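These numbers come from a predicted model, not from an experiment. Along the sequence shown, residues carry numbers from 1.
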Amino acid sequence: MAFVRKVRTASGAVAVQVVRKHRGRHEILAHVGSAHTDVELGILLERARQLLHGDQGMLDLDVPTPVEQIADVADWRTGRLPGPTTSKGGELAGAGRTVRTSARLLYDVLAFVYNRLGFDVLDDAVFQDLVIARIVEPTSKIDALRVLEDLGSNPVSYKTIRRHLAQIITGDYRDRIARRCFEYAAETGGLGLLLFDVTTLYFEAEKEDDLRKVGYSKERRVDPQIVVGLLVDRTGFPLEIGCFEGNKAETHTLVPIVRQFQARHDIEGVEMVIAADAGMLSAANLTALDEAGLKFIVGSRVTKAPADLTSHFHWHGDVFTDGQIIDTVTPRHARSVVNTVKRRAEPVWDPGRHPSSWRAIWQYTRKRAVRDNQTLNAQEARARAVVEGTTKAKATRFVKTTTAGQRLDDAALARARSLVGLKGYVTNIPVTRMEPGEVIGKYHDLWHVEQSFRMSKTDLRARPMFHRTRDAIEAHLTIVFAALAVARCAQDQTGVAIARLVKQLRPLRTSTIAINGAVQDFPPQIPAAELETLTRLGFELGH
């Protein structure tokens, strides 16, 4: 007759076997497995009982069974005999149940990156939870409790979260996080080129205050907003974040953020290159950066091309070859004249010989020309429709309004056609230090900061924001800043976008099972692709 046997192994585990007695000897029919915990023992015993009944394809956890514990199994290594030394006196265990499932693996992976960046120096588990929740599913603070519960964390109360938001400010978390980010960027060699951009975050609020103000919105919103500046390294890893009044001009945000970054890390005079788009192109910004000993590369507006390329247009017309680069100068102020048609050769910028100008680099590409022409064709068609009265008149490019009515501005259209395909860059780096191709390449790294902003606004969804006080807003931005750093680090280490990483790991659920009077977590089976991702990250299972 077959029965279930429990045998202590050399490792101290308990092997569960189905055996039968045949001719005075025990014959093993099936080795079900080895248990190290009471939960595992309960599962193996249930499996063994199913085998005894001939049902090998199903594990039935619904049948109440006596509580059996590993400690009650005889241990030949110590000579201890079996007996109810620690059992529950013949008590019946409830039916086996899956208590819950959670994305604990995803939480542990993000916590691993959080600690790798050194953010654990804050010693604030609530802040860590808020950062991780924001990466996984950006939502309100109160709804973050639901996200954390799904991640297998033990969420605190909403009142505790509100208390910790105040601690973010009093504990100077922003400074401590920024210092760890600086150390990480220094180790990875990303500090040679810093990239800057701004965005706006709007509020569901009816009234303005000292910080939240109605200002220029690229989305044409009329809600109160703030302006947020983000400084990242050449890979898009965040280094500094700051917020300004909603009606503050974007050009007035660059220098304060850079100075804040320099002061925080005591790096006055250290040579770095700041790259920013054409929105930061103002005489005051460029002068301030130059006086601070910083090198800059800023996008130029195409409307400046005729003045910068006066000599080229005079001698060569508006003909360019694909990939052609013209290295010349541009005036620091509109009233300055720094180029002349008397010389056929373009002037080579030198800070000593050209104190009233900056270096300008213009590049023509056929691909950009095709794209620009498509845009101009659409704008011309709209302008003609407005002039002909088939479209309602609005502020439309290439429509000239006179006392006689509206007409197509042919001169402006022709001027725009002559500039298609051109892209300009302004810098204070002389050609002896950096070739024009390298200047252009460094500027094009700006897509990293744009990607980081898309991450902070879309993946991390920092808006809309419902906070009312400046401290609450600053605390929220600190969480977003830390979340962006963790997300960016995970992305750089694995080569997988953070949204995709979350999508890959969240379905891998940890099961919490109650059986045999005990409760235990069982990790998920990890597919090969996800296992390779974790290996690249340096995350060890069971971490």
How far apart are the closest heavy atoms of F244 and G229, and which atoms are they?
-> CE1-N, 4.4 Å

Evaluate the side-chain proximity of L106 to L151: yes if any heavy-atom separation is below 4.5 Å, no if none is.
-> yes

Can you see which heavy atom on I169 is nearest to which on A475, and at what distance?
-> CD1-N, 3.8 Å

Within-4.5 Å side-chain heavy-atom neighbours: L105 and F539 | yes

Q324 (side chain) donor-acceptor with T321 (main chain) under 3.5 angstrom = yes

Ion pair present between R179 and D175, side-chain N to carboxylate O less than 4.0 angstrom?
-> yes

Is L165 close to I479 at the side-chain level, that is, under 4.5 Å between some pair of heavy atoms?
-> yes

Worked verdict on E380 versus R397 for salt bridge (Lys or Arg N to Asp or Glu O under 4.0 Å) = CA-CA 8 Å; E380 180 183 0; R397 192 180 183 190; over 6 Å; no

Heavy atoms of A482 and V131 approach each other most closely as CB-CG2, 3.8 Å

Whether N428 side chain and D290 backbone form a donor-acceptor pair below 3.5 Å = no

Calculate, to the nearest 0.5 Å, the distance between atoms CD and CG belonging to E240 and L231 respectively.
-> 7.0 Å

With the side chain counted from C-beta on, respond yes when V228 and I241 share a heavy-atom pair under 4.5 Å apart, and no when they do not.
-> yes

Between OG1 on residue T432 and CG on residue D350, distance to nearest 0.5 Å = 7.5 Å

Can you name the nearest heavy-atom pair linking K442 to L195, along with the distance?
-> O-CD2, 4.4 Å

Dump the intermediate steps for side chain to side chain contact (heavy atoms under 4.5 Å, CB included) on I325 and I361, then the final yes or no.
-> CA-CA 7 Å; I325 295 176; I361 299 169; 3.7 Å; yes

Output the distance between atom NE2 (H312) and atom CD (E346), rounded to the nearest 0.5 Å.
-> 8.0 Å

Residue pair R264 / R174, side-chain heavy-atom distance below 4.5 Å | yes

Is the number of heavy atoms from other residues, nucleotides or ligands under 6.0 Å of R536 CZ greater than 12?
-> yes

Evaluation steps, side chain to side chain contact (heavy atoms under 4.5 Å, CB included), between L122 and Y114 | CA-CA 11 Å; L122 301 175; Y114 180 96; 3.9 Å; yes

Over all atoms of both residues, closest heavy-atom pair of F398 and A416 | CZ-CB, 3.8 Å

Quick one: pull up CD in Q504 and OG1 in T494 and give me the separation to the nearest 0.5 Å.
-> 8.0 Å

Backbone N/O of A111 and side chain of R116: donor-acceptor pair under 3.5 Å | no

Would you say N285 and H252 make side-chain contact, with heavy atoms under 4.5 Å?
-> no

Judged by modelled atom types alone, do R417 and N377 share a side-chain donor-acceptor pair under 3.5 Å?
-> yes

Could you walk me through whether L408 and K400 pass the side chain to side chain contact (heavy atoms under 4.5 Å, CB included) check?
-> CA-CA 6 Å; L408 188 68; K400 191 170 186 177; over 6 Å; no

Quick one: pull up CD1 in I135 and CZ in R488 and give me the separation to the nearest 0.5 Å.
-> 13.0 Å

Taking the side chain as every heavy atom from C-beta outward, state whether K141 and H476 have any atom pair closer than 4.5 Å.
-> yes

Determine, stepwise, if the pair W362 / Y425 fulfils ring pair (Phe, Tyr, Trp, His ring centres under 6.0 Å).
-> CA-CA 6 Å; W362 289 89; Y425 314 86; 7.9 Å; no

Give the intermediate values and the outcome of salt bridge (Lys or Arg N to Asp or Glu O under 4.0 Å) for residues D172 and R176.
-> CA-CA 7 Å; D172 206 9; R176 297 159 74 183; over 6 Å; no

Side-chain H-bond candidate by donor/acceptor type, T427 with R359, under 3.5 Å | no

Verify, without hydrogens or angle tests, whether R234 (side chain) and L193 (backbone) share a donor-acceptor contact under 3.5 angstrom.
-> no

When every non-hydrogen atom of V302 is compared with those of L422, the smallest separation belongs to CG2-O, 4.3 Å

For V341, does its backbone N or O pair with a side-chain atom of W315 as donor and acceptor, under 3.5 Å?
-> yes

No-hydrogen, no-angle side-chain donor-acceptor test under 3.5 Å, D277 and Y443 | no

Test log, rule side chain to side chain contact (heavy atoms under 4.5 Å, CB included), inputs F182 and L191 = CA-CA 8 Å; F182 181 84; L191 292 177; 3.6 Å; yes

V273 side chain reached by I297 side chain, heavy atoms, under 4.5 Å | yes

F261 CZ to L294 CG distance, which is reported to the nearest 0.5 Å | 9.5 Å

Counting only N and O atoms by type, is there a donor-acceptor contact under 3.5 Å from the side chain of S311 to the main-chain atoms of R344?
-> yes

Going by atom types only, do D308 and T328 share a side-chain donor-acceptor pair under 3.5 Å?
-> no

Donor-acceptor contact present, side-chain T188 to main-chain A185, <3.5 Å | yes

